[in-house]
Every structure is written in structure tokens, then in C-alpha cells.
Chemist: 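Just passing along the structure, written as C-alpha cells.
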Number of protein chains: 2
Amino acid sequence: MGSNQLYKGSLATIILKLLEEKGRMYGYQITQEVKAISAGEFVITEGALYPMLHKLEADGMLTVETEMIGNRMRKYYSITHDGKKEVVDRMAEMEAFIRHMQTLLNPNIELA
Amino acid sequence: MGSNQLYKGSLATIILKLLEEKGRMYGYQITQEVKAISAGEFVITEGALYPMLHKLEADGMLTVETEMIGNRMRKYYSITHDGKKEVVDRMAEMEAFIRHMQTLLNPNIELA
DNA sequence: CCATATACCTAAGAATTTTAGGCAAAAATA
DNA sequence: TATTTTTGCCTAAAATTCTTAGGTATATGG
């Protein structure tokens, strides 16, 4: 990951959430979308992406459909029912993480 | 870290920021403070804490003063000038991370 | 007296990511 | 048209960071 190294541990969450929203996507498309959304700050390396996609598929979070575009293979991933359950948990964790981080790192802000 | 594995990569940031605010602290105190602030969700293991404190000291981010409390050693850490510069960068990264995460994960919110 | 809390530490292993490749088609550019 | 860049898939070794699982020892509360 280019500059920001904090995203460590959140790659699976990013992938699952993106697929939940956008429907099916292929690997390269995910890297471009995340880069675009994060203004170039989250650069998912392929060495991290593809093993993670394979792991999420093996864990039953994603399914794959291979299509031929011209002479080229493209693998579209979709989120499963289990994946949608997983994303709910991961989102709750992410929100808790952000909340606690803000408490830790912005102690000036008064909490109600 | 107990359940949440998202904090990976943020341990150094937490330590530096805490020391910047609270002045000097010792290792065990840091673990208790973080646990208290995060409502028990961030549990820093000692196997992660002490190597990180040593690394930050080696990198010139922290200095140590050893004191004897009764018959027991206590090592107080303080942030250095370089550490304060580092914490500025890390806070900016953290804010960017949180901002991009919210964009990625809460796409319903309209951005101005 | 004994268990728990305090307080330091290290080392092996696990998990996740970077680095550094490989392969090949399609598109852009020179 | 020739060459470079982009697209698109992949793997394996190394690095990073953390967990697990110890070790040592004092202080405190029951």
C-alpha cells in the first residue's frame, strides 16, 4: 500500500463491502475503484488482492464466474449470503475501531 | 488484540499520541489506559507492546528513564522532538484513513 | 499462605502484506 | 507498424506485525 499503511487488516472488509454495493466486480476493477475512491491513497497491490480473493472464495464469502472478453479471461466475483452476514460484523468492527480511534486520538472532542 | 484485528499498523500511532498528551508513561500503564479508553476493546498484548517501545526508542521517537519504585523497576517513556514530528504525520494518515474508509463504507453520505 | 495484579522481557509461530517476479491480450503512442 | 503502456490474471519469497506462550520477580489483598 503506497503511503498509508493503516489499512492493514481491512483489505477483506473493503473487498466485501465494495462487492455488496456494486454487485459483481473483477479483481483489476476493484483495485481501480478503491484507488479512485481514496484519491490515490489506497493502492491495493495485486500480490495482496488475488490471494485474498481466493481466500474469501474458499471461505464461502464470494463466488466466481469466469468470462471471456475477446480472448481474455476475466473473473467476476459476487458476494454470497454468508459474505453479507460477514460484512455486517466487519462493518460493526470498523465503526467501533473508528470510534475508539477518534476517542484516543482526538481527546479534545467532548463526548455526550 | 482480542477480537478486532483492524488496529494492525496503528499501535505505534496510539503509543506516540498517548505519550504526547499524557507526558511520560510506562508500558503497563499504557496497556491499562488504552483498555480503559476503548471500553476494553483494544487490549495491547505485552508481546506487541514491549518490542514496539524498544523500536520507537531505537528510532529516536522515545526516550526512557528507569526508576525504582520500591524494589521494582519501572521504565518511563517520553516522546522526543522527532517523535512529535512523527505523530503529526501519523495523525494526518489516520485522519485520511478514517475519511477514506467512511467514503468507502458509507457511500450513502453525500459529499459536498 | 496463596492468588492476583503489577511490571519487565523474549522467542516461535501465524497472519497479512510487500516485493518481485511471470504470462499474455488489448490499447495507445511513437 | 513497432513499441510501450495498460489491462488482467497469477505465484512465491521476504518482510512486517501481531499472537501465543512462555520466563522472572515484586506488591497487594484475601
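Note that the coordinates shown come from a computational prediction; the quantities given were computed from them, not determined experimentally. Each chain gets a letter, A, B and so on, in the order its sequence line appears, and its residues count up from 1.
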Chemist: Please confirm whether the shortest side-chain N or O distance from A:His54 to OP1 or OP2 of D:dT11 is below 4.0 Å.
Modeler: yes
Chemist: How close do B:Leu11 and B:Ala48 get, counting heavy atoms only, and between which atoms?
Modeler: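 Taking B:Leu11 first and B:Ala48 second, the nearest heavy atoms are CD2-O, 3.8 Å.
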Chemist: At their closest point, which heavy atom of B:Thr13 faces which heavy atom of B:Met94, and how far apart are they?
Modeler: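 Nearest pair, atom of B:Thr13 first, then B:Met94: CG2-CE, 4.4 Å.
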Chemist: Which pair of heavy atoms, one from A:Leu56 and one from A:Ala12, lies closest together, and at what distance?
Modeler: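 Closest approach of A:Leu56 to A:Ala12, heavy atoms only: CD2-CB, 4.3 Å.
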Chemist: Let me know the distance between CG of B:Asn71 and P of D:dA25, rounded to the nearest Å.
Modeler: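 Taking CG of B:Asn71 and P of D:dA25, I get 13 Å after rounding.
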Chemist: From the set D:dT20, C:dC9, C:dT17, return the single nucleotide nearest to any side-chain atom of B:Thr45.
Modeler: D:dT20
Chemist: Name the nucleic acid region contacted by B:Glu46, choosing base, sugar-phosphate or nothing; use a 4.0 angstrom heavy-atom cut-off, strictly under.
Modeler: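 If one applies the 4.0 Å heavy-atom cut-off, B:Glu46 turns out to touch a base.
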Chemist: Strictly below 4.0 Å: does B:Lys55 bring a side-chain N or O up to OP1 or OP2 of D:dT16?
Modeler: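 Indeed not, no polar side-chain atom of B:Lys55 lies that close.
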Chemist: Do A:Val43 and A:Val34 make a side-chain contact, defined as non-hydrogen atoms from C-beta onward lying under 4.5 Å apart?
Modeler: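 Heavy-atom side-chain distance check fails, nothing below 4.5 Å.
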Chemist: Closest approach of A:Gln29 and A:Arg24, non-hydrogen atoms and distance?
Modeler: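 In terms of heavy atoms, the two residues are closest at OE1-O, 4.4 Å.
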Chemist: What integer distance in Å separates A:Leu49:CG from D:dC9:C1'?
Modeler: 10 Å
Chemist: If you assign B:Ile69 and B:Pro51 each to the DNA chain C nucleotide with the nearest heavy atom, which residue ends up on the more 5' nucleotide?
Modeler: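 Nearest-nucleotide comparison on DNA chain C picks B:Ile69.
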Chemist: At less than 4.0 Å, is any side-chain N or O atom of A:Tyr50 found next to OP1 or OP2 of D:dC10? Yes or no.
Modeler: no
Chemist: Just the rounded figure in Å: distance from P of D:dG8 to CE of A:Met25.
Modeler: 11 Å
Chemist: Please confirm whether the shortest side-chain N or O distance from A:Arg72 to OP1 or OP2 of D:dG8 is below 4.0 Å.
Modeler: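 False: A:Arg72 side-chain N/O out of range (4.0 Å or more) of D:dG8 OP1/OP2.
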Chemist: Send over the distance from B:Leu56 CG to D:dC18 C1', rounded to a whole Å.
Modeler: 15 Å
Chemist: If I take atom OH in residue B:Tyr7 and atom C1' in nucleotide C:dT17, what distance separates them, rounded to the nearest angstrom?
Modeler: 16 Å
Chemist: Select from B:Tyr77 and A:Met52 the residue whose nearest nucleotide in DNA chain C is closer to the 5' end of that strand.
Modeler: B:Tyr77
Chemist: Check the phosphate of C:dA15 against A:Lys8, side-chain N and O only, distance under 4.0 Å to OP1 or OP2. Yes or no?
Modeler: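 Checking C:dA15 against A:Lys8, no side-chain N or O comes under 4.0 Å of OP1 or OP2.
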Chemist: Distance check needed: C:dC8 C1' versus B:Gln29 CD, whole Å only.
Modeler: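 Computing the B:Gln29:CD to C:dC8:C1' distance gives 15 Å.
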Chemist: Phosphate oxygens OP1/OP2 of C:dC8: is one of them under 4.0 Å from a side-chain N or O of B:Tyr26?
Modeler: no
